[in-house]
Amino acid sequence: MRLALFAALAAGLFATSSAAQEVTLKAVSSFAEKTQFSRNFERFIDKVNTDGKGVVKINYIGGPRAMPPFEVGNAVRTRVVDIANVTGAFYTNLMPEADGLKLISKSQSEQRKDGTFAFIEQLHNQKLNAHYLARQFHNVPFHIYLNKKIGKLDFTGLKIRVTPVYKDVVEAFGGTTVTTAPGEVYTALERGVVDGYGWPITGIFDLGWEKVTKYRMEPPFYSVEVGVLVNLDVWKGLTDAQRKVLNDAALWLEGLDSENEAAIKAEREKQAKAGIQTIEFGAAEDKIFRQKANDVGWASVIKRSPENGAKLRKLSGN
Ligand code: 173
């Protein structure tokens, strides 16, 4: 009887002490589950849960069904969640400099060497109480998709769905903008509430947007940025072993960007097959568009955060 009690106690103790070594982190994504910009984060979670068995575990709550995309940055800041997959465009209200991340196209390894990453980390520490663990999709560009054909580089008379990523450039070329989360794009297009939208080159099929999209405008511009953020207090409270699992998985996650080139090529073909036509103005106009996009993008960041914005631009080399 006594022995049984002792055994039960010992087993109980053992369970608690091993549980105390394993930390569970609550995760959300600002993009829909199993879609283009959540998929690699979900692979990262699987990797952490496999490699980190008994050390660190990620409990994935889900995408926008669990939390509105524009609230994810604040949820990391206030530790409502521990770790998140989110683009800077969704938390510019807390950190205006986050809008500059799309203007940085250097690889992460380069950014880690030349101090860019360290500055981005510092900004996230200060403004978002977050650790910037990884950046994904730096080699994936954005496009403007349209349902009305335009004959020149001019959005006058068009209403275009944006996020902070595209707002300044669309307005610079005369368009009217309406900001929505990705989850509202399909209905807005279907009802003709908007004449087009900004989105990366990849991912429109996940959401069925090819059914309500006629044209993709060239050229590609900017650089997608989807970060993995960890609440800073949570990060500081982890053991070296726990941080190592996350750091190793983060580098692996960033390495998945090598898959993007093939994915982009396949996506362009798939869009053409789905009947999406391209609108092209030629090399000279493309250059004008990209230059203007870059200039108005930086101007907007620098206006909202003069010192940090200027420093970020200098580091970016763009
Ligand atoms: O919602 C968006 O169009 C947007 O800003 C974005 C940013 C990164 C990846 C995908 C979409």
Side-chain angles (χ1 to χ4, degrees), residues 28-42 44 63-65 67-73 84-105 108 120 132 134-147 155 159-171 175 177-189 193-210 212-213 216-217 220-229 253-254 256-257 259-260 263-264 267 271 293 296-297 300-301:
V28 293
S29 176
S30 63
F31 296 97
E33 289 150 50
K34 297 191 168 65
T35 63
Q36 179 66 25
F37 298 102
S38 286
R39 223 174 274 137
N40 286 356
F41 179 63
E42 290 161 357
F44 161 88
R65 282 186 304 180
M67 179 177 292
F70 294 123
E71 288 174 24
V72 170
N85 182 61
V86 60
T87 176
F90 293 173
Y91 54 85
T92 53
N93 55 329
L94 297 170
M95 180 182 156
E97 299 88 348
D99 201 20
L101 301 177
K102 71 189 180 199
L103 302 164
I104 304 171
S105 51
Q108 284 74 259
I120 291 169
Y132 193 88
R135 175 191 174 153
Q136 312 157 73
F137 305 109
H138 80 284
N139 52 357
V140 177
F142 294 95
H143 280 271
I144 301 296
Y145 296 83
L146 296 170
N147 278 335
F155 299 136
K159 196 165 172 190
I160 298 179
R161 173 270 173 186
V162 297
T163 65
V165 170
Y166 332 90
K167 190 173 194 293
D168 298 299
V169 67
V170 167
E171 288 174 355
T177 58
V178 43
T179 301
T180 82
E184 290 155 46
V185 172
Y186 188 97
T187 309
L189 288 163
V193 173
V194 295
D195 305 304
Y197 58 96
W199 192 257
I201 182 66
T202 51
I204 71 164
F205 290 90
D206 285 333
L207 306 154
W209 297 354
E210 80 284 0
V212 285
T213 303
R216 185 188 71 244
M217 196 188 100
F221 61 101
Y222 296 155
S223 186
V224 171
E225 179 272 337
V226 179
V228 176
L229 307 187
L253 172 65
E254 291 183 347
L256 297 180
D257 272 3
E259 299 174 352
N260 294 338
I264 290 168
E267 185 90 9
Q271 286 186 16
V296 297
S300 163
V301 174

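Not measured: the values here are computed from a predicted model. Starting from 1, each residue takes its place in the sequence as its number. One-based numbering, in listed order, for ligands and for the atoms of each.
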Asker: Which of the numbered atoms in ligand 1 are below 4.0 angstrom from a heavy atom of Phe90?
Answerer: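 Under 4.0 Å from Phe90, ligand 1 has these atoms: 1 (O), 5 (O).
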
Asker: Just say parallel, tilted or perpendicular for the rings of Phe142 and Tyr166, cut-offs at 30° and 60°.
Answerer: perpendicular

Asker: How close do Ser223 and Asn139 get, counting heavy atoms only, and between which atoms?
Answerer: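 For Ser223 versus Asn139, the nearest heavy atoms are OG-N, 4.5 Å.
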
Asker: Answer with side chain, backbone, both or neither: which part of Tyr197 has a heavy atom less than 4.0 angstrom from an atom of ligand 1?
Answerer: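 Neither; nothing of Tyr197 gets under 4.0 Å from ligand 1.
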
Asker: Any atoms of ligand 1 less than 4.0 Å from a non-hydrogen atom of Gly198? List them with their elements.
Answerer: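 Heavy-atom distances to Gly198 below 4.0 Å select 3 (O).
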
Asker: Distance-only, no hydrogens or angles: does the Glu254 side chain make a donor-acceptor pair with backbone N or O of Gln108 under 3.5 Å?
Answerer: no

Asker: Using heavy atoms and a threshold below 4.0 Å, how should the contact between Phe31 and ligand 1 be classified: side chain, backbone, both, or neither?
Answerer: side chain

Asker: Give me the residue, atom name and distance of the protein heavy atom closest to atom 5 (O) of ligand 1.
Answerer: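 Looking at atom 5 (O) of ligand 1, the protein heavy atom closest to it is Thr163 OG1, 2.8 Å.
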
Asker: Going from OH on Tyr197 to CG on Asn147, what distance comes out if it is rounded to the nearest 0.5 angstrom?
Answerer: 7.5 Å

Asker: Under 4.0 Å from a heavy atom of Val165: give me the atoms of ligand 1 that qualify, with their elements.
Answerer: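 Counting from 1, the qualifying ligand atoms are 5 (O).
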
Asker: Check each heavy atom of Gln136 against ligand 1 and say whether those closer than 4.0 Å belong to the side chain, the backbone, both or neither.
Answerer: neither

Asker: Do Leu146 and Asp195 touch side chain to side chain, with heavy atoms closer than 4.5 Å?
Answerer: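 No - every pair of side-chain heavy atoms lies 4.5 Å or more apart.
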
Asker: Nearest 0.5 Å, please: how far is CG in Leu207 from OH in Tyr186?
Answerer: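 These two atoms lie 10.5 Å from each other.
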
Asker: Starting at CZ of Phe221, measure out to NE2 of His143 and round the result to the nearest 0.5 Å.
Answerer: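 Those atoms lie 8.0 Å apart.
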
Asker: Can you list the ligand 1 atoms lying under 4.0 Å from a non-hydrogen atom of Val224?
Answerer: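 Counting atoms of ligand 1 from 1, those under 4.0 Å from Val224 are 8 (C), 9 (C).
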
Asker: Could you tell me whether ligand 1 has any atom less than 4.0 Å away from a heavy atom of Arg161?
Answerer: yes

Asker: State if Tyr166 counts as touching ligand 1 under the rule of any non-hydrogen atom under 4.0 Å.
Answerer: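 The answer is yes, since Tyr166 has a heavy atom less than 4.0 Å from ligand 1.
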
Asker: Given that the side chain starts at C-beta and the backbone is N, CA, C, O, which of these parts of Pro200 lies under 4.0 Å from ligand 1, counting heavy atoms, or is it both or neither?
Answerer: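 Contact part for Pro200 vs ligand 1: side chain (C-beta onward).
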
Asker: In terms of relative ring orientation, are Trp199 and Phe37 parallel, tilted or perpendicular, with 30° and 60° separating the classes?
Answerer: perpendicular

